[in-house]
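Here the structure is a predicted model, which means the values were calculated and not measured. A, B, ... follow the sequence lines: proteins, then strands. Residue 1 opens every chain.
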2 protein chains.
Amino acid sequence: MASSLRLEVQDRLEEFTATERKAAHALLANYPLQGLATVAQFAKGAGVSSPTILRFVARLGFPAYADFQARLRAELEAQLNTPLARSSVLSDKENGAEDPFVEHLLANLRETFANLPRVELEAMVRLLADERKTIHLIGGRFTDALARYMAAHLRIVRPDVVHVAGQHGNWLDQLIGLGPKDVVVIFDIRRYQTEIIHFAEAAAGQGATVALITDSWHSPISRVASHVLPAQVAVPSPWDSSTALMAISEMLIAGVTRVNSERSRERMQALEDLRNAHDPLRRSPDQL
Amino acid sequence: MASSLRLEVQDRLEEFTATERKAAHALLANYPLQGLATVAQFAKGAGVSSPTILRFVARLGFPAYADFQARLRAELEAQLNTPLARSSVLSDKENGAEDPFVEHLLANLRETFANLPRVELEAMVRLLADERKTIHLIGGRFTDALARYMAAHLRIVRPDVVHVAGQHGNWLDQLIGLGPKDVVVIFDIRRYQTEIIHFAEAAAGQGATVALITDSWHSPISRVASHVLPAQVAVPSPWDSSTALMAISEMLIAGVTRVNSERSRERMQALEDLRNAHDPLRRSPDQL
DNA sequence: AGAATTCTGTATGATTTGATACGGAATGAG
DNA sequence: CTCATTCCGTATCAAATCATACAGAATTCT
């Protein structure tokens, strides 16, 4: 099946009769909306009669006009749902630019990725994808959610992923076995919590690799970290923003998934099978 | 007349009745194609009855459904004839200097806030700031981290914040006491988990207010939700992106903090004092 | 708590739409 | 020039669609 009906119509233009070709040209001239109108409107637009439109559609291989429209609709929907395609269509004030909070978020992301060293990013991806290592993730009061988020994904694409949770009494237990084959991923932004700093220093002291995702005012942990990814976190609010940290996390997750693609695929498939087995209410792909 | 019906629908969202708003959300979620389907399909997609769709369209000022569709068709035709739109459809990597993943993230954020109805956002802020209510937050396999993140912030600026965690066996316990004075905030994106759907339905059935933060393919929960905030989640990766969800969460947190400013200030101050007492290594307070 | 009002789905009617049969027009062959 | 074949539009029918009236449900107000 051609990716677009437009191409198929163009290719098969000679097969059609003279009047059917009028219909084809009318469709190509205003693709795909002409085909989403009623038969009568399509016919009028093409200067032919209704039955000609129906014969044209039938010759394209559609059992009914409704099927033809469904195809056009699906194509159009796929196009419109591409964020890139959509954003280029939106005007500036439709881009939600008025809200200063939104402005800051967008600027933070742009700034973050502009300053993000790609080699550092790739190095951290390789580190996280290395299945000989054990990955420990930990975060502060608010950023712990990010550690958890990343752990949930990493667990699927690789083994030996540990989320260091709970009160810092427990952290000590985790510290005991740490060594050169361990990687500690730390999320830490302003109001750096001393417990986490201690944890990082102790882990580094025992030979573990420390990877840090932080704000642009580097946390004290950066002294002992072998990899640092800084993000912009300032927004017009008493709180700092973790959106850029989340973005970095997702880039790392996507990267690791790409590197460990074979394992990722089989484990995700297994997960999907499990889900289907337990979930007969799964939605159909198209609900339009 | 607004340049796009989408903006008008967003602006006038509060004029509509509860069910009409469902129709509006369905339209915004799949704009404009949902409105180009038949009334019955539109109704099914929105989870309401056909007459509600017609009343919704009538309230927008259209004498007939056909006029409404004509307007959508005209808008779409204008868009599709824009050179920008064509180019974005033709080749994706013409502009490929930047990382496509980053491009998608940025486009997702822009798109998300462009489609985010401000009145809906403010309504949800008021809801979350209402200290007479109890806030329950819950998320799915991956989005649970967002629920946790939001709970960590809300707990500081208001009382009665509960994160519904753990296996869904525990959820049932939480369900028991739910009533009209409870607000359930749900994070749910594609691969909607049936347990969460059941939780939402049960909560709504007991009179609790359901607020949903979801992807643009509205989750089934939107049927029982009184507030819905949709986000863009598609990225070039096997995973969906939660960055836009995080951004929305932070806007909500900032909003609630602003509304409950007096309480927020005193509680944040208390937190700071506590930190200072325990943390002599604290860095200088402001270095922004 | 009860009444009034608004809201929303079911049922039904009027209209439009997709689909088809059939007769006439156009084209080409012999 | 005549016949055969293909093609195309008018007329018509069954089915789906839009539209509305009405009654039950929900909400608000007193």
Decide whether [X] and [Y] meet the rule of one side-chain donor and one side-chain acceptor closer than 3.5 Å.
| X | Y | answer |
| --- | --- | --- |
| B:Glu20 | B:Thr52 | no |
| A:Tyr149 | B:Ser242 | yes |
| B:Asp215 | B:Gln232 | no |

When you get a sec, tell me which of C:dT17, D:dC7, D:dC18 is the closest nucleotide to the side chain of A:Thr38? C:dT17
Going by the angle between their ring planes, with limits at 30° and 60°, are A:Trp239 and B:His153 parallel, tilted or perpendicular?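 Because their plane-to-plane angle is over 60°, the rings of A:Trp239 and B:His153 count as perpendicular.
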Please work out which of the three classes, parallel, tilted or perpendicular, describes the rings of B:Phe68 and B:Phe42, given edges at 30° and 60°. parallel
Rounded to whole angstroms, how far apart are [atom1] on [X] and [atom2] on [N]?
| X | N | atom1 | atom2 | result |
| --- | --- | --- | --- | --- |
| B:Arg59 | C:dT6 | CZ | C1' | 10 Å |
| B:Phe56 | C:dT8 | CZ | P | 13 Å |
| B:Arg21 | C:dC7 | CZ | P | 11 Å |
| B:Lys44 | D:dT17 | NZ | P | 12 Å |
| A:Phe68 | C:dA19 | CZ | P | 12 Å |
| A:Glu15 | D:dC7 | CD | P | 13 Å |
| B:Gln41 | D:dA16 | CD | C1' | 11 Å |
| B:Phe42 | D:dA19 | CZ | P | 14 Å |

Interface with DNA chain C, restricted to residues 48-55 of chain B and to heavy atoms under 4.0 Å: B:Ser49, B:Pro51, B:Thr52, B:Arg55
Check A:Gly35 against A:Gln69 and note the closest heavy-atom contact, atom names and distance. O-NE2, 3.2 Å
